[in-house]
Each structure stands twice: as structure tokens, then as C-alpha cells.
Amino acid sequence: MKDQKPKIWLSSPHLGENEFKYVKEAFDTNWVAPVGPHISRFEESLSLFANNQPVAALTSGTAALHLALILSGVGPGDYVICQSLTFAASANPIRYLGAIPVFVDSEEETWNMCPRFLEEAIENCLKGQFKTGASESYSGKAKMPKAIIPVHLYGMPANMPEINKIAGKYGIPVIEDSAEALGSTLNNQFCGSFGEMGVFSFNGNKIITTSGGGALTSKNPEFVQKAKFLATQAREDAPHYEHKEIGYNYRLSNVSAAIGIGQVEVLPLRVSARRRNYDLYKENLKEISEIKFLPEPEGYYSNRWLTTVLIDGSQNTIDREKIRLALDEENIESRPIWKPMHLQPVFQNFPFVGGDVSANIFRLGLCLPSGSNLENSHIEKVVENIKQLFH
Ligand SMILES: *Cc1c(COP(=O)(O)O)cnc(C)c1O
């Protein structure tokens, strides 16, 4: 039954008209390798969405975060402060390096890193005393954290002015996880360009895709240069293969970059289509008081990568799981909000600073189908199915 209904995806790839042309160029010129002219073209076009900062194209957002942490000098036993409400890829690279993630709760206004808890987390690092996600205590060395990773979740910018102010006070570099926020701005500045370094992702479900890929940007061109160097096996400038450092195979392929050039061309259209999805859901579900949307604070402009709602009503018998399952019956894909890292079995013994803001967002939150290729009739169908449950 269910499988006979047309699938409505959460967020599926949406190609424009030129991607295939650029891929064909790559084939025709035989640049089917992790070097080639499309890589630098892709980097230049991306730079326009990173406040004209230089960009390094990489194999994934996760790889970009890994390199950003290496470039920040993170090593075994160091503290790295990370937003708890996020996808696991924000935190995993901290563990690749044997460092200790210190998870920080969210604020209600953006769902992103709470500046107040951030400062508390830094102070706890300086004492070496914490609680953990499992509400036990964690004690480690008293020292300054090496990096701070805020995330612009679902495209909504984090409070970068406050986060940068606190980071600056302690001299800690900020690595912005902007994987979900390409094209989002805060006070007319693009996300990814606020921190020491910023990271983007072009995985299949992101706002634009190269089938798989990522990028690192920085206002410091040396970081970007060094990221490219480390991403190509840290090969020194010599006719033979000379290595003074450990390298990685993280450079994006020229074929993927060719897809990326076409995708960046349509990025502004993708942002407006996703924002329109949000507006349509909000307008059509406004009578249901139990469904709450996250508005943009003044100066914030979200790419609305995914439209997210909280199902919140005290005498409510309909919860987010009921809605998710009902939609699933109709072959409509929706998904709970990311489960906070401090509640994940793999991270629960690491430090956590905060309260229950992110835990509540996870408990109540649902991501609705949000692709830029959705038609009005798809959104209407999702809305109808949700409305039925509340009647
Ligand atoms: C997708 C994503 C990543 C990882 O990007 P990949 O390209 O899939 O490795 C990191 N952080 C967040 C918040 C993401 O959504």
C-alpha cells in the first residue's frame, strides 16, 4: 500500500541545468582526478558565499572539520567545546584526534550554542571540573580549550557576535560548522565567515550537493593553503615524494567540483525555494496552536535548509512520533530533530554544560519534507495529513 504512494523525501538532490555540461567538460578534458580546473573554479564561486574568503574544496564536511581542528593545534587530551544539539559529524573529528569534547546546550532563540553556557564551559575547562551528559561528574586537566564549534543548525545562524566576543576574551579560535547553512546570513554577513575557520558540506541531502563533498574557508589564507596541503597527503614541493608531516587524502575530485559549479549557480534559487517551503508550512498550519515554528530573530536570515517544528501542547495526545509515523504511512519522509550529543551513548561520559533546552527540542521536534524540488501539492499533502491528526 504505502510503497504505491509517491515518495515525498525529506531533502533530495536538486540539480540545475548546467551541472551535466560541466561534468562533461571534465570528462572531455580527462580531468577525472582529485586535481583539475573545475576545483579552483568551484572554490572561486563558493567564495562569494563566504564573504569573499578563500576556500579549499574537500571530500566532505567531516574532513573539513577534521582539518580545521588539526590547524587549530588540537591534540590528545585537549578540550574542544562543541554544540550538543547537532549531527554527530560535528563532534566525531574531536575524537579522531583523541581530544575531549565539552558539549554545550542551546539557547531557545536559535536552537544553537548558548553564549552563557559557552562561557560556563570555558570556566569549567579552566578548573577541570564538569558534569557529564550521564549526570555524573568528569574531572580532567585544568586548561584552556583549543577550539569552539558552534553550529548553524538547519540553516539558522548561531549568535556569532556573542560567541565571538566570548571566544575573543579567552583567545580561543572558533570553527563554525556551517554544513547546513550555506547561503544563510547574520547582519548581512554569510555564515561560515564569522569564525577563524568555517566548514560547509555538499552531501546529498544538503542545500546543494556534489554527491559528496565539503569545504573549509578562513579569512586567513594560510589556513586554507595548509588545508589543501594536508588534504593532498602533505606532499612537499619536490620532484620526488617528500613528506615532513602526516597527510590526508581529503581533496575533492574534479568531477564532483564540476557538479558543484552548477549547483552554486542555482544556490540563491535553492535558498528562496526552501524559505518558501517554510512560509507555506507556517501559513497553512497556523491554526494548530500545538505546532510551533522557529522565527528568525532580527538580523538573522536562515536558508531554512529544513523546516522544523515543535509539537508542544500540554494536554496533547499527538506527539512528534505520532505525526512522523502517520506521515510515514503516506510514504512521506520526516525525521526527529538531531538527538543531542550529550545524550548519545557514544558521548554520554564526556562533559556537558547546560540544562534541558536541547533535550526538549529533541523531544518535541520534527523536520518536515523541505527539498527545494517539492511542489505545492507535496506541501499541501503533508499539511493535510498533519491537520487530520489534530481533528
Ligand atoms: C552534514 C553535516 C556535517 C558533515 O558533513 P559531511 O559532508 O556529510 O561529512 C557536519 N555537521 C553538520 C551539522 C551536518 O549537518
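These numbers come from the heavy atoms of this one structure, side chains and all, not from hydrogens, waters or symmetry mates.
- Using a 4.0 Å cut-off between charged side-chain N and carboxylate O, D319 and R363 make no salt bridge.
- If you take CG on L186 and CE on M156, they are separated by 10.5 Å, rounding to the nearest 0.5 Å.
- For the side-chain contact (heavy atoms from CB on, under 4.5 Å) with I122, the qualifying choice from V104, V353, I81 is I81, the only one to do so.
- A single hydrophobic cluster is not seen to contain both I361 and Y281; linkage of ILVMFWY side chains at heavy-atom distances under 4.5 Å, directly or through other members, places them apart.
- Contact check for K206 versus N203: side-chain heavy atoms found under the 4.5 Å cut-off.
- In this structure, R41 is positioned above the aromatic face of Y22, its NZ or CZ under 6.0 Å from the six-membered ring centre and within 45° of the axis.
- Here the options are L46, T210, T209, the test is side-chain contact (heavy atoms from CB on, under 4.5 Å), and the partner is Q263; only T209 passes.
- One N or O on the side chain of E19 and one on the backbone of G16 form a donor-acceptor pair closer than 3.5 Å.
- Judged by the 6.0 Å and 45° rule, R95 forms no cation-pi pair with F350.
- Atoms CZ and CG, on R304 and L306 in that order, are 11.0 Å from each other to the nearest 0.5 Å.
- With a 4.5 Å cut-off on side-chain heavy atoms, T59 and R251 do not count as touching.
- The shortest side-chain heavy-atom distance between K387 and L285 falls under the 4.5 Å cut-off.
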Please walk me through it: do Y278 and F293 pass ring pair (Phe, Tyr, Trp, His ring centres under 6.0 Å)? CA-CA 9 Å; Y278 172 90; F293 290 80; 5.6 Å; yes

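- The environment of CZ in R235 is crowded: more than 12 heavy-atom neighbours from other residues, nucleotides or ligands sit within 6.0 Å.
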Could you go step by step and tell me if S106 and N112 meet the side chain to side chain donor-acceptor pair (under 3.5 Å) rule? CA-CA 5 Å; S106 293; N112 292 316; 5.8 Å; no

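- Checked against S11 for a side chain to side chain donor-acceptor pair (under 3.5 Å), the options R335, E333, R274 give a single hit: R274.
- Relative ring orientation between W305 and Y154 is described as parallel, the plane-to-plane angle staying below 30° on a 0-90° scale split at 30° and 60°.
- In this structure, the side chain of N159 does not engage the main chain of M113 through any donor-acceptor pair within 3.5 Å.
- For the atom pair OG of S358 and CG of L85, the computed distance is 5.5 Å after rounding to the nearest 0.5 Å.
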Using the rule given for side chain to side chain donor-acceptor pair (under 3.5 Å), can you reason through Q83 versus W338, listing the C-alpha separation, both sets of side-chain angles and the distance that settles it, and then say yes or no? CA-CA 12 Å; Q83 182 167 324; W338 301 123; over 6 Å; no

Please step through ring pair (Phe, Tyr, Trp, His ring centres under 6.0 Å) for the pair F130 and Y79, ending with a clear verdict. CA-CA 12 Å; F130 307 88; Y79 296 124; 5.5 Å; yes

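- Stacking of R275 on the aromatic ring of Y301 is recorded, both the 6.0 Å distance cut-off and the 45° axial limit being met.
- Side-chain contact check for N92 versus F347: some heavy-atom pair is nearer than 4.5 Å.
- Side chain of S370 to backbone of L368: a donor-acceptor contact under 3.5 angstrom is found.
- Here the CD-CG distance, from E329 to N331, works out to 9.5 Å after rounding to the nearest 0.5 Å.
- To the nearest 0.5 Å, the span separating NE2 on H38 from OG on S45 amounts to 11.0 Å.
- Applying the 4.5 Å side-chain rule to ILVMFWY residues, one finds L58, L65, L67, L69, I70, L71, V74, V80, I94, I149, I175, M197, V199, L216, F223, V224, F229, L230, I246, Y248, Y250 in the same cluster as L97.
- Distance check, rounded to the nearest 0.5 Å: CD1 of I311 to CD1 of I291 gives 4.5 Å.
- E176 places a side-chain N or O within donor-acceptor distance of the main-chain N or O of G192, the cut-off being under 3.5 Å.
- Heavy-atom neighbours of K24 NZ from other residues, nucleotides or ligands within 6.0 Å: at or below the threshold of 12.
- Contact check for E245 versus K226: side-chain heavy atoms found under the 4.5 Å cut-off.
- Applying the 6.0 Å contact sphere to CG of N188 captures no more than 12 heavy atoms from other residues, nucleotides or ligands.
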Set out, in order, the CA-CA distance, both residues' side-chain angles and the distance that settles side chain to side chain donor-acceptor pair (under 3.5 Å) for H152 and E180, then state yes or no. CA-CA 7 Å; H152 308 298; E180 302 178 0; over 6 Å; no

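- Aromatic pair H342/F352: centroids less than 6.0 angstrom apart.
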Do E296 and S302 pass the side chain to side chain donor-acceptor pair (under 3.5 Å) test, and can you show the C-alpha distance, the side-chain angles, and the key distance before you say yes or no? CA-CA 7 Å; E296 287 164 329; S302 169; 4.9 Å; no

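- At a threshold of 4.5 Å between non-hydrogen side-chain atoms, the residues Q233 and N249 count as touching.
- The side-chain heavy atoms of Y241 and E236, taken from C-beta on, include no pair separated by under 4.5 Å.
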